[in-house]
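Here the structure comes first, spelled out in structure tokens, and everything after it is commentary.
Note that ligands are numbered from 1 as they come in the structure, with each ligand's atoms numbered from 1 the same way.
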Amino acid sequence: MSADDTAGRRAQLISNLRTVRERIDTACRAEGRRPTEITLIAVTKFFPASDVRLLAELGVHDIGENRDQEAREKVRDPSLEGLSLTMHFIGQVQTNKCASVVSYADAIHAVDRPKLVAALDRAAASAGRRPKVLVQVGLDDDPGRGGVSPAAAGRLADAVRQAASLELAGVMAVAPLGGDPDAAFARLRTVADGIRAAHPGATWLSAGMSGDLEAAIRHGATHLRVGSAILGSRPALR
Ligand SMILES: *Cc1c(COP(=O)(O)O)cnc(C)c1O
């Protein structure tokens, strides 16, 4: 990228970040929450390592990715060397990708089945890593979209807690398409409260994207996963 292109992209990211931070501040103020309680994860899927570097220079060190191959290549990009990034893997994890994902992910957000817990635990143990793990809760009745049912979430959290090489961090969800995000996130909060009662260390509530971050903040989100509002619109899904 030429110096002019980099400067233009930087200006765009600064402006988008300012807008997102204002939205977070406003939503927090309305709830009597502090913006410092909230971690903003910039979801950089489809965007190049150069954007990750600019975001880090602008103070955003929490980076989210949802495809293993893309994430792995990006984090190894020489231009990111020396940046202290926290990598969040927010996509569905295939069991045969566990070794790869644990090699770079500090937190894995979409863990929704016992088999995956076991596979991640084995992969983390052999890599000498101990990633944070979030239980993905399904908030609609479509099992295809991932997530354990609210009724089974507690049992899955117990399994993560018992896995020696995983750290139970909390819960995660995506609001159902076209549904009311407030209703969905209220359900999520009930599940999160139940898990927290059993496991006080499970403090993370990962919810809220570009379109619904205010609703997530109203229902206790601690981690927002924001892509397009920061980086711009992505090309259509591959
Ligand atoms: C892509 C993605 C996001 C970010 O979505 P935006 O609407 O672009 O903010 C958040 N969470 C998950 C799981 C994603 O895959």
Side-chain angles (χ1 to χ4, degrees), residues 9 12-13 15-24 27 38-48 51-52 54-55 58 60 62-72 74-75 85-94 97 101 104-113 116 120 131-140 142-148 153 169-182 184-185 188 191-192 204-238:
R9 184 59 170 154
Q12 196 170 50
L13 292 177
S15 159
N16 291 350
L17 273 173
R18 186 176 300 138
T19 304
V20 168
R21 292 217 159 100
E22 280 168 7
R23 287 175 60 191
I24 295 171
I38 307 237
T39 300
L40 175 61
I41 300 169
V43 178
T44 52
K45 64 191 185 201
F46 295 102
F47 290 95
D51 281 344
V52 176
L54 285 170
L55 287 166
L58 298 173
V60 179
D62 285 87
I63 299 296
E65 287 285 339
N66 77 335
R67 284 155 207 269
D68 172 55
Q69 190 183 335
E70 176 183 353
R72 188 169 15 129
K74 215 176 284 181
V75 297
L85 300 173
T86 299
M87 289 302 308
H88 299 260
F89 192 80
I90 62 173
Q92 299 300 313
V93 186
Q94 292 164 270
K97 298 288 169 60
V101 171
Y104 58 81
D106 300 293
I108 303 169
H109 287 233
V111 175
D112 63 356
R113 54 199 193 277
L116 179 57
L120 284 171
K132 292 184 181 351
V133 160
L134 288 85
V135 168
Q136 184 187 359
V137 181
L139 297 175
D140 56 14
D142 176 2
R145 299 193 61 220
V148 65
V171 300
M172 174 271 203
V174 180
L177 276 177
D180 169 12
D182 275 284
F185 293 145
L188 177 65
V191 175
W204 290 22
L205 203 165
S206 166
M209 321 196 327
S210 295
D212 57 17
L213 66 89
E214 286 86 357
I217 289 171
R218 280 195 285 279
H219 298 284
T222 61
H223 291 68
L224 307 174
R225 309 177 310 268
V226 179
S228 49
I230 297 174
L231 288 130
S233 54
R234 292 180 288 274
L237 274 184
R238 285 184 283 211

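Using a 4.0 Å cut-off to heavy atoms of Ser228, the atoms of ligand 1 that qualify are 6 (P), 7 (O), 8 (O), 9 (O). For ligand 1, the atoms lying closer than 4.0 Å to a non-hydrogen atom of Val226 are 9 (O). Listed by number with element, the atoms of ligand 1 under 4.0 Å from a non-hydrogen atom of Asn66 are 15 (O). Here is the list of ligand 1 atoms found below 4.0 Å of a heavy atom in Lys45: 1 (C), 2 (C), 3 (C), 14 (C), 15 (O).
Scanning the protein for heavy atoms near atom 13 (C) of ligand 1, the closest one is Ile90 O, 3.6 Å. Nearest protein heavy-atom contact of atom 9 (O) of ligand 1 is Ser210 OG, 2.5 Å. Protein heavy atom at the shortest distance from atom 5 (O) of ligand 1 is Met209 CE, 3.7 Å. Nearest protein neighbour of atom 11 (N) of ligand 1, counting heavy atoms only, is Arg225 NE, 2.9 Å.
Salt bridge absent: Asp106 and Lys132 never bring a charged side-chain N and a carboxylate O closer than 4.0 Å. Between Lys74 and Glu65 there is a salt bridge, with a side-chain nitrogen of the basic residue lying less than 4.0 Å from a carboxylate oxygen of the acidic one.
Polar contact with ligand 1: absent for Met172 (N/O pair, distance under 3.5 Å).
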Start with the C-alpha gap between Ser228 and Ser210, add the side-chain angles, then the distance that decides, and say whether side-chain hydrogen bond (donor to acceptor under 3.5 Å, both in side chains) holds. CA-CA 6 Å; Ser228 49; Ser210 295; 3.3 Å; yes
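Ligand 1 does not have His109 within reach: every non-hydrogen atom of the residue lies 4.0 Å or more from it.
Checking side-chain atoms of Asp212 against main-chain N and O of Met209 turns up a donor-acceptor pair under 3.5 Å. In this structure, Asp62 contributes its side chain and Ile41 its backbone to no donor-acceptor pair below 3.5 Å. At distances below 3.5 Å, at least one donor-acceptor pair connects side-chain atoms of Thr222 with backbone N or O atoms of Leu205.
Screening Leu40, Val43, Val60 for a side-chain contact (heavy atoms from CB on, under 4.5 Å) with Ile230, the sole residue that qualifies is Leu40.
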